[in-house]
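Worksheet: one structure, shown below.
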Amino acid sequence: MTQPKILRLILGDQLNERHSWFQKKHDNVTYVLMEIRQETDYVKHHVQKVASFFAAMRAFYLRLIEMGHRVIYIYLDDPSNAQNFEYNLKQLIRKEKYTHFEYLLPDEVRLDDELNTITGKLRIPHQVQDTEHFLTRRQDIKEFFTDKKQYLMESFYRFMRKKHNVLMDGNKPVGGKWNFDQSNRRRYDTSVPTPKPITFSNNVADIIKMIDKAKVKTFGDIRPKQLIWPVKRSQAIAALNDFLTSRLPHFGTYQDAMTRQSWSVFHSRLSFVLNTKILHPMEVIQAAVDSWDENREVISIQQIEGFIRQILGWREYMRGMYWALMPEFADMNFFNHTEPLPRYYWDGRTKMTCMETVIGQSLKYAYAHHIQRLMITGNFALLAGVQPDEVDAWYLGIYIDAIQWVEITNTRGMSQYANGGIIATKPYVSSANYINSMSDYCQDCHYDYRARYGQRACPFNSFYWDFLARHRQKLEKNPRVAMMYRTWDRKDDGEKEKILKQAKTYKKILNDL
Ligand code: FAD
Ligand code: SF4
């Protein structure tokens with residue numbers, strides 16, 4: 001019997017060399033990776049994001065060759081590149097006479113639908129396999145929460161801790177508590193110096209030249225020969241080890257802290273290598289737990305639990321929520337917000353120091369840490385009433401780690417409360433008070449963080465009260481917000497009027513704040 005001739009597609013975020021596909025060499029199997037306009041153009045991306053994906057795909061291609069596999073790599077500027085999956089696959093199948101097509105489950109609905117459709121048109125048998133990358137299946141969260149009123153991350157997280165026996169002492173959590181969040185809210189006080197973020201010098205000059213020539217629309221900065229992000233496994237492991245030794249000992253304590261002294265504080269910056277599957281989440285969890293176990297005198301339970309919660313809890317939870325809520329989720333707009341995204345999201349030029357800092361570093365590095373994304377740019381967009389599609393497009397474009405399954409759940413779900421509280425139990429909004437308590441941004445800002453109205457009043461203050469007043473009907477029954485309405489009601493009418501008037505004035509000059 002003649003052997004089937006198999007073509008296997010690898011997507012740009014499926015760069016997992018430990019996948020069972022690659023553990024055996026087969027003469028009848030050819031892998032294909034492709035750089036296509038379809039993927040560079042579905043949203044306007046940060047230039048470092050495009051460069052990192054292409055550099056990581058090219059490194060993976062070389063790695064597979066080194067491992068002895070047959071691989072085709074289609075470059076963006078290859079004249080025969082049809083710039084989409086369907087026609088490139090059809091061309092290859094026709095030319096090389098493949099008899100079978102195989103692919104790995106995509107993580108986005110967009111690509112899942114597309115590959116489902118394409119396989120019907122290829123006229124050869126096909127097979128789809130798991131990426132073996134997550135710790136749950138797509139449908140697990142939906143099944144886990146069947147018949148439950150709320151999709152609480154905490155109960156899922158505890159289940160995952162037990163299931164994978166992570167930080168467990170028999171049936172009990174190590175340290176006697178599941179959650180050390182209360183101790184993980186310290187402002188950065190300079191008592192521990194922030195370590196310099198580990199960076200790499202990947203030369204991507206040819207990629208930049210190629211995308212410029214092809215007129216791919218991007219934004220943000222890049223130093224051509226110095227792509228700082230890890231794009232191959234050896235770099236990813238170096239980044240992981242650097243995190244374990246220099247950041248994990250303080251990760252939990254300063255998890256929510258924001259400072260102009262450091263753009264990544266004690267965060268791991270592993271999201272790109274996790275989301276492209278260069279590192280497996282269990283590999284990261286295991287390395288962190290081992291590191292804690294060997295260095296308990298410097299890494300407390302509070303630090304390690306804070307980190308494990310992000311990967312074993314939040315990351316898997318968001319992925320499950322994505323598959324539970326899509327595709328309707330992508331159109332939700334609970335508050336019916338309609339404002340366009342203010343101009344400074346694209347250039348960072350604003351008098352608000354917090355926004356200038358966070359947007360500025362995002363344009364420079366394609367990175368901001370969680371609290372910056374949630375409580376500065378996300379908070380401001382929600383308070384200002386920005387249309388969630390515009391907010392999503394910005395987050396999906398600007399961050400190095402932005403892939404829809406994890407971007408939209410965090411942005412539309414957690415940050416913009418656009419599904420009315422399925423992912424977040426309350427809207428993540430705050431006035432300047434919170435920002436001042438968790439950062440050093442307010443100190444030399446043009447605006448006064450204490451003032452609610454007047455010439456230099458911080459826009460977050462009047463916008464905060466205006467947001468609560470506008471959405472009273474939708475929010476006042478939420479027990480987590482009710483207290484704020486009581487505070488508002490205690491203000492005298494003159495004060496309320498001045499605050500709302502200030503918000504109105506600022507809305508008129510939203511682009512010039
Ligand atoms: P660390 O703080 O070091 O955390 C370790 C790891 O935990 C991360 O690498 C990540 O894999 C995981 N993690 C932490 N928080 C979350 C979370 N809320 N959801 C899922 N995984 C989490 N994360 C993305 O990977 N891609 C996105 O596009 C993305 N968009 C976001 C948009 C908004 C509005 C918000 C509020 C958060 C977003 N996040 C996104 C989640 C989080 O901000 C990033 O995962 C984190 O900042 C990445 O940096 P890090 O690797 O240094 O994380
Ligand atoms: Fe941001 Fe207001 Fe503080 Fe300025 S005063 S940094 S605008 S919170």
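Atom set for the values below is all heavy atoms of this structure, side chains included, hydrogens, waters and symmetry mates excluded. Given the structure is predicted, the values throughout are model-derived calculations rather than measurements. Atoms within each ligand, like the ligands themselves, are counted from 1 in listed order.
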Do any heavy atoms of [X] fall under 4.0 Å from ligand 1?
| X | value |
| --- | --- |
| Phe243 | no |
| Tyr428 | no |
| Tyr399 | no |
| Met414 | no |
| Ala368 | yes |
| Phe307 | yes |

| request: Check ligand 2 against Cys442 and write out every atom of the ligand that is under 4.0 Å from a heavy-atom position of the residue. | output: 3 (Fe), 5 (S), 6 (S), 8 (S)
| said: With heavy-atom distances below 4.0 Å as the criterion, list the atoms of ligand 2 near Met352. | reply: 7 (S)
| query | Quick one: do Arg309 and Glu305 make a salt bridge, cutoff under 4.0 Å? | reply | yes
Region of [X] that comes within reach of ligand 1 [heavy atoms, distance under 4.0 Å]:
| X | value |
| --- | --- |
| Asn275 | side chain |
| Leu374 | both |
| Met318 | side chain |

| Cation-pi, Trp346 ring and Lys44 (6.0 angstrom, 45 degrees) | yes
| request: Measure from NZ or CZ of Arg373 to the centre of the six-membered ring of Tyr395, then state whether that distance is under 6.0 Å and the direction lies within 45° of the axis. | output: no
[X] vs [Y] aromatic rings, parallel, tilted or perpendicular, using cut-offs 30° and 60°?
| X | Y | result |
| --- | --- | --- |
| Phe144 | Phe159 | tilted |
| Trp405 | Phe134 | perpendicular |
| Phe467 | Phe335 | perpendicular |

| field | Within reach of ligand 2, part of Cys445 (heavy-atom separation under 4.0 Å) | value | side chain
| message | Regarding Cys458, does it place an N, O or S atom less than 2.8 Å from atom 1 (Fe) of ligand 2? | response | no
Please indicate whether any nitrogen or oxygen in [X] is less than 3.5 Å from any nitrogen or oxygen in ligand 1.
| X | answer |
| --- | --- |
| Trp314 | no |
| Ser268 | yes |
| His369 | no |

| said: Checking side-chain polar atoms at under 3.5 Å, does Tyr399 have a donor or acceptor matched by the opposite partner on Ser362? | reply: yes
| query | Okay, side chain of His267, backbone of Gln255: is any donor-acceptor separation there less than 3.5 Å? | reply | yes
| query | Out of Met375, Met153, His370, Gln372, who gets a non-hydrogen atom closest to atom 47 (O) of ligand 1? | reply | His370
| request: For the pair Gln48 and Trp229, evaluate side-chain hydrogen bond (donor to acceptor under 3.5 Å, both in side chains) and give the outcome as yes or no after the intermediate values. | output: CA-CA 9 Å; Gln48 288 187 40; Trp229 293 96; 3.2 Å; yes
